[in-house]
Amino acid sequence: FLSSLFAVCHSVYFIDETPGFGRRFDGIGGLSGGSATSKLLIAYPQKQRDEILDILFKPNFAASLQILKVEIGGDSQASDATEASHMHNSSEESYDRGYEWWLMKEAKKRNPNIKLYGLPWAFPGWLGNGTQNPYQNIDQLAEYVRKWVQGAKEFNGLTIDYIGIWNEKLYNIPYMKRLRQVLDENLLTETMIVAADLNGDQNLASHIIADPELNNVIFGIGLHYPATNTTVEQLRTGKPIWASEDYSTFNNNTGGACWARILNQNYVNGFITGTIAWNLIDSYYTGLPWDRDSLMTAREPWSGYYQVESPIWVTAHTTQFVYLGWVYLRHGSGVGFLENGGSYVTMTTDESINNDFALIIETMTQEHSACIRPPLPYYPVAKQNVTFILKGKFRDTFGSLNVWYTKLGFNGEQSTFFKQLKPVKVTNDEFSLSLGLNEIWTITNAGDGNHGITPTPPPSKPFPLPYRENFEEYVDDSEAYYFAQQCGVYEIVTVEKPYNKVMRQTVLQEPIVWCESAALTNKTLNVIGATNWTDIYIETDARVNHDNGTSGVFLAGRVNNAGCTSYAAWGIFFFIQPAHQTFSVSSDLQMTNVLVTSRKSTSISNEWNKISLLISKTYSIGMVNGEQLFNITILSTVPAQGFVALGTQDFGSADFDNVNITNIQ
Ligand code: 147
């Protein structure tokens, strides 16, 4: 009696295709964008950049991702900075803006089989015809998205496999139908529509069931943060169901445990066959929203430092062994919950003569595997011994199986990440394992697992000052590496000498926003540096353009807010309005908390101006073209630290050049 009290539970499970197969496995992916989450990655030194890209995309190396989802830039803020649209207005197009094209090409270079998926968060204002509704003219919207898909192919050699509707906003059925039609008319038949990237499906499944035409245009259902759940209605559509955005959890071991739990249980609980992490990589400045809610972290291009985090190795447990097009086994014959907590999935090929398979087991505890949302109800997990019995096509074929193991350590426990253990012996078509807590096991006949090794990156360093940028090294249409536009789009253009390459704000009207950001104040805002900068000298050349010009430009320091709440940014904001030769200073972007009321200065030119702002402990000095315009005492309304920024007073055109930032501490 006593010994049975202390005995570890022992249960038996089957791996068997004879009851039939489950659903097709559609892959594990990462999301770049929604928004600007990869901003700083392209700025890395080539060596570390390649290492990072290998860690993300190279097959049988590390994360070995199978899907790359990217934002279709919409000229507006959507979490961590603005991504540029391919059509700032209806009369122009460009297919080499930003860094998503580059990232997709780098991913494809490493894994030609990776699936590409595009989704808009925001749209340029012209699509709304003066409203915030992109469905104002669905023909126009379908054309706009079709052009992005076609531009991917024609200018970047990329086939877009999946296309979404409007992230976390309304879907529109006539638009979905029109989009399919326009894609087909343009021979883009291989691009499938996944909808609708919402929290829940907002009745999409019942519309699909009721409307045969809609049923024909929707390839799959994409849910956000489904908490591993799907509805009977969604399953009844027969469509693949994906967690088209999931995870978003701080990437320590808890983040890894969240990811391990949902990767398995999305299928075990919800028959979800594809899961995409928001976000792929934290390549946005420290201090921007959603700190490290990423598969890994690489946000120091100036030092080359990066961190491979637990979610990378958690991903490897599936992606290094299971290929797109493999199928899950059925519940009870390779898929299910473990008796003492945790879950297991088995995938194989759907051919009866091919017995390749991978079994992935996770034993994440409730205490350590909560994702960012929704709350995770309590469930128990205990150590357990398990036996798997091989049946059907898996019988009589294996003497031993390969074992890959991860232990996510908590409270001082040691962690192990994706380590190959001794093969497990198969005797009489059975093998047994002793499972602990917060572990992941992959059991497979495939021998291609590999814990990819990259050299230790250089040490971490703060953003290097002094910083000088004349933009001469950039090609037209590209973005300056270290400027993180929070509102507006700043692109390199070539103008007259000696300025030559300059950085131009190019958004001329309020976009259809995903979140208000600085657009609420009708300003654009471009930040650089670090949130802990205090005393600083900033200088730039700036001019308001005569065509579509903004009413003013500004230079700012100690800017303490960015992302979707940029409208609430405080700091020291030095505005000049060249057309009126006026200037003013405020401690907020909204210009309501005035430090220097609007005054005239004949030093301000209607062409280029050299503007500088010095922020010292107790005072701040502003100059234009050599003339000191103000010297003020810093009031307590000014934050103690923050980013440096420049921007425009409204959505209008302005050029910036010869930026110089110096630490004066
Ligand atoms: C998502 C966005 O799609 C991402 O761009 C990013 O901002 C992410 C951060 O966690 O959040 O948007 C969500 C909005 C609402 C919910 C979930 C995700 N929600 O209400 O559960």
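Atoms within each ligand, like the ligands themselves, are counted from 1 in listed order. Treat the numbers as computed from the prediction; the structure is a model and nothing was measured.
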Using a 3.5 Å cut-off on N/O to N/O, what pairs does ligand 1 make with the protein? A line per pair would be great.
| from | atom 1 | to | atom 2 | distance (Å) |
| --- | --- | --- | --- | --- |
| ligand 1 | 3 (O) | N167 | ND2 | 2.8 |
| ligand 1 | 3 (O) | E245 | OE1 | 2.7 |
| ligand 1 | 3 (O) | E245 | OE2 | 3.3 |
| ligand 1 | 5 (O) | G34 | O | 2.4 |
| ligand 1 | 5 (O) | S79 | OG | 3.4 |
| ligand 1 | 5 (O) | W121 | NE1 | 3.0 |
| ligand 1 | 7 (O) | S79 | OG | 2.6 |
| ligand 1 | 10 (O) | S248 | OG | 2.6 |
| ligand 1 | 10 (O) | R373 | NH1 | 3.3 |
| ligand 1 | 10 (O) | R373 | NH2 | 2.9 |
| ligand 1 | 19 (N) | N199 | ND2 | 2.8 |
| ligand 1 | 20 (O) | N199 | ND2 | 3.1 |
| ligand 1 | 21 (O) | N199 | ND2 | 2.6 |

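A645 is linked by a side chain to side chain contact (heavy atoms under 4.5 Å, CB included) to L525, V527, A556, V559, counting only residues two or more places apart in sequence or in another chain. Judged as a side chain to side chain contact (heavy atoms under 4.5 Å, CB included), and not counting sequence neighbours, the contacts of N111 are P59, N113, I114. Under the side chain to side chain contact (heavy atoms under 4.5 Å, CB included) criterion, K105 pairs with W101, N156, L158, not counting sequence neighbours.
A salt bridge does not link D80 with K39: every distance from a Lys NZ or Arg NE/NH1/NH2 to an Asp or Glu carboxylate oxygen is 4.0 Å or more.
Relative orientation of the H368 and F410 rings is parallel, given thresholds of 30° and 60° on the angle between their planes. Ring orientation note: the planes of Y171 and H207 are nearly perpendicular, at an angle over 60° on the 30°/60° scale.
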